[in-house]
Each structure stands twice: as C-alpha cells, then as structure tokens.
2 protein chains.
Amino acid sequence: MDLSERQLQILQAIITDYVENAEPVGSRSIAKKYDLGVSPATIRNEMSDLEEMGYLTHPHTSAGRVPSDKAYRLYVNDLMKKKNLSAKDKRMINDRLSASRDEFDRTIRHAAELLSEITHLASFAMTPATNEETISFIRLLPVDERTLILMIVSEGGQVTNTTLRLTVPYTQEALDLLSKNMTVSYKGRTLDDVLKGEIIHDVGSDIEALSALRGSVMPSFIRTLEDMLNVNLYMEGMTNIFNLPEYTSIDRARDFMELFARKDWFTQKMLARDDGVVVTIGEENDTMKDCTLITATYHVDGKLVGKIGVIGPTRMKYDEITSIMEYLTNNLSESFRLPGSTGDGNAGDKEQKK
Amino acid sequence: MDLSERQLQILQAIITDYVENAEPVGSRSIAKKYDLGVSPATIRNEMSDLEEMGYLTHPHTSAGRVPSDKAYRLYVNDLMKKKNLSAKDKRMINDRLSASRDEFDRTIRHAAELLSEITHLASFAMTPATNEETISFIRLLPVDERTLILMIVSEGGQVTNTTLRLTVPYTQEALDLLSKNMTVSYKGRTLDDVLKGEIIHDVGSDIEALSALRGSVMPSFIRTLEDMLNVNLYMEGMTNIFNLPEYTSIDRARDFMELFARKDWFTQKMLARDDGVVVTIGEENDTMKDCTLITATYHVDGKLVGKIGVIGPTRMKYDEITSIMEYLTNNLSESFRLPGSTGDGNAGDKEQKK
DNA sequence: ATTAGCACTCTCGTTTGATGAGTGCTAACA
DNA sequence: TGTTAGCACTCATCAAACGAGAGTGCTAAT
C-alpha cells in the first residue's frame with residue numbers, strides 16, 4: 001500500500017507543477033520538465049495507479065491530473081522541505097514588526113497585514129484566546145451625568161469597554177462602589193465561568209441608588225464579556241484572493257467573501273488549543289471544503305497563546321508559507337518575551353502537524 | 001433649456017425602468033408600460049433630444065437608453081417623491097434598534113447591519129466625528145509589573161485604549177501621577193490641537209521615575225490619539241453587492257472590494273460637516289466614478305454628529321433608500337436624545353441635497 | 001407636431017468545425 | 001516483467017458563421 005519511490009517523485013512533481021501553474025498537469029509535461037528518466041507512457045501508468053489510490057483526480061476524461069486533498073496531506077506531512085525565507089521577506093518581517101514592539105494589538109494587526117502581503121493570501125490574527133482568561137478588574141468611569149464607561153480588564157491585559165447611557169443620573173459614589181463590588185465578585189474568575197454561571201445577585205443591593213445602577217449596568221456587562229471573546233480578530237488582504245485563478249468565477253469569490261465575513265467562524269477555529277504551525281486541508285475542514293487554513297501560534301512570555309493564520313485555495317505553496325509563518329510567529333514570540341527572562345516556554349521552533 | 005413636462009415624464013419612466021431592470025430601456029417598452037399617450041416614435045425623438053442634453057447615454061448604436069449621472073441628479077433633486085417605508089421595514093428598525101439603546105457603539109453597528117439588510121447594499125456607520133472632539137481625561141491602569149493600559153476618554157464619551165509593555169517596571173505612584181499630569185495638560189483640548197501642536201514637555205519631568213515612564217508612554221499616546229479619529233468605522237454587507245448585475249464582472253467586484261477595504265477613504269468622506277441626507281452620484285465622487293454614496297447624519301442630544309451611509313452602483317432606488325435612511329437616522333437621533341430634553345437641535349426631518 | 005414604416009446596426013445565443021492536449025489501451029521491446 | 005511506442009478516442013476551447021431580436025434613425029405621410 002506504500003508508494004514506491006518513483007510514485008512519490010511523480011506525485012511531488014505533479015504537486016509542484018500544479019501549485020505553480022494552476023492547471024491540470026499531463027504526463028508529457030512531467031516527463032519533459034522533471035528528469036525522471038522514464039517515458040510519458042510509464043508516468044501515465046503510475047498516474048493511473050495514484051488516481052486509484054486517491055491521490056489524484058481527473059477533471060474530465062482527457063485532461064491532466066490534479067492533486068487531491070490526500071496528496072497535499074502526504075506532501076505536507078512527509079514530502080515537503082523547509083524553505084529558507086528570501087532576504088527580502090526576512091527584512092520585511094524584522095523591520096515592520098519591530099516598529100511597534102511595545103503595543104500589543106497594533107503589533108498583531110501589523111503581523112496580519114504583513115502576512116497577507118508576503119503570502120498574497122487572505123490572513124487573520126487573533127490576540128490571545130480569552131475564554132479561559134481571568135478577569136482582573138472592572139471599572140466604571142464617568143463621562144457626563146448620564147453617560148459612563150464600563151471597562152473590563154483581564155489578567156492578560158486584554159481590555160474591552162462600552163459606553164453606556166442611562167435613563168437616570170448616577171452618583172460618583174455609586175459608581176465607585178459598584179466598580180469595587182464587581183471587581184471583588186469577579187476578580188480571578190474566567191470569562192467562561194462568568195458567562196455560563198448565574199449572575200451574582202448580591203452585589204451590594206443594600207443601597208438603593210447602587211441597586212438601580214447595577215440593574216442598568218449588568219446586562220451590558222454580560223454582553224461586553226461576550227465581546228471580549230471575539231472582538232480582537234483582525235482580518236487583512238481579502239482582496240488578494242481575487243488574483244487567484246480559482247476565484248475568477250464570481251460565485252466562488254462570493255462564497256469566499258461571505259465566509260470571510262463570518263468572524264465568529266474564525267474565532268471558533270482559533271480556540272483550538274494546539275501549538276505550532278497547523279495545516280488544515282480542504283475536506284478536513286468542515287465548511288469551505290476547497291480551502292486550506294494554516295494557523296500558527298505565538299506566545300507571550302511563553303504563556304499566553306494567540307494565533308495568526310492564512311486562508312486560501314488548497315493549491316498553495318505549503319513549504320514557503322509554513323516556513324514564513326514559523327519565522328513570523330517565532331519573531332512575534334520573541335518580541336513578546338519579558339526582556340529579562342530566559343525561559344523559552346514553548347516559544348521555540350517546534351512544529352506540529354495534524 | 002428647461003425640460004418639457006413630457007420630457008420629464010419620459011426621463012422619469014426611463015429611470016424607473018432602468019433602476020428596476022438594470023437593462024437599457026427602449027422606446028417601445030416605455031410606450032407600452034407607461035401610459036404616456038404617445039407613440040414609440042415620438043418617444044424616440046424626445047429621447048434623442050434628452051441624449052443631446054446629456055441626460056441619457058447609449059451603450060451602443062442599437063441598444064436602449066441608460067440614464068446618466070446628470071439624470072439621476074435631476075431625479076434626486078426634483079423628481080423623486082418621498083416613499084413610505086413598508087410596515088415590515090419600520091418594524092425592523094424600531095425593534096432592532098431599541099434592543100440595545102443604551103450602548104453607543106453597539107447601536108451604531110446594529111444600525112449599519114440593519115441598513116445593509118434592508119437596502120441590500122453595502123453600508124457603513126461612524127460614531128461621532130471626533131477631530132474636533134475634546135479630551136476629557138487620560139488614565140493609566142496597571143496590568144502587571146511591566147504592562148499597563150493607556151486609556152483616553154473624550155468629552156463626548158468616546159474611549160480608546162492600548163496595552164503597553166514597558167522594558168522596565170514602573171511604580172503605581174508614577175502611574176497615578178502621570179495620569180493626573182497628562183489629564184491636567186490635555187483636558188479640554190481638541191484632538192486636532194494636540195496632534196498638530198507640539199508635545200508638552202514639562203509634564204512633571206522633575207521626578208526621575210516619572211520622566212522615564214513618560215518617555216515610554218508619550219509615543220503611544222500620540223498614536224492612540226490618531227486611532228481615535230478612525231477606529232470607530234463599521235462596515236457591513238459588502239457581499240451584498242455580488243448580487244447586483246453591475247458586479248458580475250470579477251474586475252468590477254474587485255475594484256469595489258478594494259475600495260471598500262480602504263477605511264481611511266471613508267473616514268475622509270465622513271468628516272464633511274453636512275447635515276441630513278446627502279447623495280453623491282457617480283462622477284461627483286472623485287474616486288469610484290460609477291458608484292453612488294448616500295450618507296445621513298444622526299445627532300446626539302442634538303449636538304454631536306455621526307454618520308451612516310450606503311454605497312452601491314449609481315443605479316439604485318434613490319427614493320426608497322433616502323427615505324429609509326431618513327427614518328433610520330431620525331430614529332437614532334431620537335434614541336440618543338436626553339430623556340428630559342425637549343430641544344430638537346437639528347434632529348428633525350430636514351433634508352439637504354447637494 | 002406626430003406617427004407609421006422601413007432599412008440598418010449591433011448584441012447575443014447557438015451551431016459548427018477545427019485544434020490540441022491528454023488519456024487508455026495494445027502490442028512490441030529489452 | 002517492466003517499459004515504451006503508437007494510435008484511436010475524448011473533451012474542452014476557440015473562432016467563425018448564422019439567425020433572431022431589439023432598437024434606433026430617417027423619411028414621408030398624416
């Protein structure tokens with residue numbers, strides 16, 4: 001059942017060629033371009049076998065062969081070699097990422113922009129996954145007599161806030177007190193906990209003004225917590241995919257766009273607790289069966305985990321892209337390490353494949 | 001030079017028909033569908049005149065006529081009548097908007113979603129324009145020994161924050177002191193002022209720890225201020241345009257998408273200080289010469305001004321869409337009025353056309 | 001001023017045929 | 001027994017040809 005050396009060579013050649021040219025590849029062109037020392041006829045026979053085993057497909061009777069998801073999987077797992085980044089790409093990553101090293105969100109957004117620029121694919125990036133994040137403190141800040149800001153900060157430093165407008169004025173005292181009470185009640189609890197559990201009802205309901213304020217604030221508090229789970233997803237370069245031959249059909253392009261607009265789907269994808277570069281090809285994916293999703297993890301002080309990824313057709317340069325993403329995430333993790341610390345808590349160059 | 005009554009009727013008929021069917025409209029179909037009491041031949045003559053005057057165009061010799069930008073302009077200014085919203089649309093707006101009446105940003109985002117759902121076009125919405133907004137206070141909040149949150153709040157209640165990571169630890173005292181000093185220095189000044197003016201250098205540079213902290217914080221402060229100008233732009237429903245016949249060509253679709261991705265362009269557009277519903281048709285627009293942009297203004301306590309808009313091909317149902325937007329913005333302004341106040345500071349149903 | 005009539009133009013969908021790439025099979029070959 | 005040459009066959013793609021239909025523009029009659 002294992003593939004012969006020659007079959008592997010042929011498969012590799014077909015993948016390389018197809019990834020390059022986006023057109024079904026025939027036996028003759030393989031024989032000419034890649035020096036396998038056999039005739040087209042032999043290659044045809046092998047291709048026929050490969051097709052039977054599910055590595056190749058046939059768009060129609062007399063077209064060349066196209067690699068299947070299974071072929072790409074084999075390629076990613078066993079065949080492909082790590083690529084060295086071009087000097088230009090390396091420079092780009094080093095320069096552009098270091099420019100704003102001290103700011104979290106901005107850096108992540110830049111990383112996504114960078115990634116889509118280099119790979120010419122659509123990319124996205126997520127600040128540290130937060131459903132297990134714990135709440136650090138809650139603040140209510142005054143704007144005017146009826147308007148206030150609700151601010152939630154997690155231990156990891158993630159911030160979310162909403163502006164609320166109340167129907168009745170509030171007092172500064174009530175605000176301070178409620179801030180304090182809420183912080184005491186929720187500090188150290190995870191977002192999941194708070195969202196799934198019941199609302200704590202005894203948050204200082206003894207004072208009247210406070211209880212009224214509390215009633216106005218709590219619904220927003222819950223909604224804002226929900227926001228924390230998906231608000232920090234940046235998406236970039238979606239128009240890149242228009243340049244790919246697989247999306248010249250308007251229907252395909254529309255499908256892609258509609259999926260890309262579904263932030264929640266990506267958030268879902270991102271919550272998986274894996275490490276390193278992960279490639280999910282075509283059918284392995286539930287939705288978007290003709291796309292490949294590649295994600296990579298970066299680390300903050302070796303602890304917290306955020307993700308960055310690209311999405312495109314299954315036909316993509318797996319070797320280059322995974323190498324780029326590895327380099328990029330290592331670079332990110334490096335930036336986010338405490339200056340003093342030496343521990344490399346998983347920020348290294350391990351790579352895990354599905 | 002004025003158009004005759006009959007010419008106006010014909011022009012109106014052509015516009016109505018073309019907006020509906022997206023196909024060049026011929027003399028015969030006009031004569032049949034709209035009861036003008038004249039023969040196709042007469043209509044042909046009039047159409048020829050209208051074309052000479054620049055109200056109609058000819059895709060090619062033997063196709064029907066298509067309205068020009070000039071025709072739409074005439075239609076919008078003089079011909080179209082206000083439309084009554086369907087009960088369904090009204091209900092949708094009332095229901096969906098009131099659900100989150102107390103939260104600013106969320107409401108605006110919902111309004112954009114709603115608008116694109118009802119109009120089947122791409123929409124966007126902007127929270128109050130802020131380059132003339134004044135700073136209310138600045139806070140620095142601790143996360144861990146090297147991480148802190150920088151938060152800027154404007155008088156109007158707009159909030160922006162960034163998480164900073166410093167290379168050296170800071171003290172709580174320094175943080176509090178710097179918060180206070182910065183607030184004192186910048187309170188009441190407009191964003192424009194601060195961004196254009198020089199940085200105030202004498203913010204308590206007498207204490208050493210403080211001055212170090214200040215050095216780390218100030219660059220981010222400036223960048224964060226810049227963020228305040230354009231961060232709150234929501235865009236929705238861009239995939240709607242794929243369903244329109246003018247965007248079945250992949251090139252057109254790409255152009256549209258690329259423009260739509262340029263947030264800065266929209267922000268620019270939105271800063272115009274106009275009121276009510278404003279329609280900008282085709283060439284009147286500098287970029288995107290084949291699109292129409294309709295914006296509408298909403299009010300907060302009759303003072304502050306935010307905008308909401310749709311964008312689509314010049315062929316659109318101007319009467320319906322402007323009516324919807326008027327209704328929607330009135331509704332928004334209503335929600336954002338102080339419960340007690342009666343003054344209607346411009347929140348009424350005035351409408352201004354270009 | 002309006003209208004009927006008619007020739008003319010141009011697009012669009014369909015058909016047809018040629019072309020070329022590529023396969024699959026068979027028989028010859030090393 | 002694995003490899004190769006040869007050849008018939010299959011499809012997709014492209015271009016040319018064609019007819020139908022929609023619509024105009026002009027002229028002459030009303």
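Residue numbers start from 1 in every chain, and the chains themselves are labelled A, B, ... in the order their sequence lines are given, proteins ahead of strands. Values reported hereafter were calculated over all heavy atoms of this structure, with side chains retained and with hydrogens, waters and symmetry mates removed.
Computed from coordinates, the R44(B) CZ to dT27(D) P distance equals 14 Å when rounded to whole Å. The distance from atom CG of D17(B) to atom C1' of dG23(D) is 14 Å, rounded to the nearest whole Å. Nucleotide dT3(D) holds its P atom 11 Å from the CD atom of Q7(A), rounded to whole Å. As rounded to whole Å, 9 Å separates atom C1' of dG23(D) from atom NE2 of H60(B).
There is a side-chain donor-acceptor pair under 3.5 Å between T292(B) and Y318(B).
Where H58(B) and S62(B) each meet DNA chain D at their nearest nucleotide, the meeting point lying more 5' is that of S62(B). Annotation: of the two residues near DNA chain C, E46(B) and T61(B), the 5′-most nearest-nucleotide partner is E46(B).
Among residues two or more places apart in sequence or in another chain, the salt bridge (Lys or Arg N to Asp or Glu O under 4.0 Å) test is passed with E113(A) by none. Evaluation of the side-chain contact (heavy atoms from CB on, under 4.5 Å) rule for A296(B) yields V277(B), I308(B), M325(B), T329(B) as partners, not counting sequence neighbours.
The closest donor-acceptor contact from the side chain of E258(A) to the backbone of D255(A) lies at 3.5 Å or more, if one exists at all. Looking only at distances, a side-chain donor or acceptor of S68(A) sits under 3.5 Å from a matching main-chain atom of G54(A).
Annotation: proximity of residues 24-42 of chain A to DNA chain C (heavy atom, distance under 4.0 Å) is found for G26(A), S27(A), numbered in ascending order.
Pairs passing the salt bridge (charged side-chain N to carboxylate O under 4.0 Å, His left out) check and including a residue from residues 51-69 of chain A, sequence neighbours excluded, read E51(A)-R65(A). Applying the side chain to side chain donor-acceptor pair (under 3.5 Å) test to every pair with at least one member in residues 24-39 of chain A, sequence neighbours left out, gives these pairs: D17(A)-K33(A), D17(A)-Y34(A), S27(A)-R44(A), S39(A)-T42(A).
Side-chain contact between K289(B) and N285(B) is absent, with no heavy atoms from C-beta onward closer than 4.5 Å.
The outermost nucleotides of DNA chain C lying under 4.0 Å from heavy atoms of chain B, listed 5' to 3', are dT2(C) to dT11(C).
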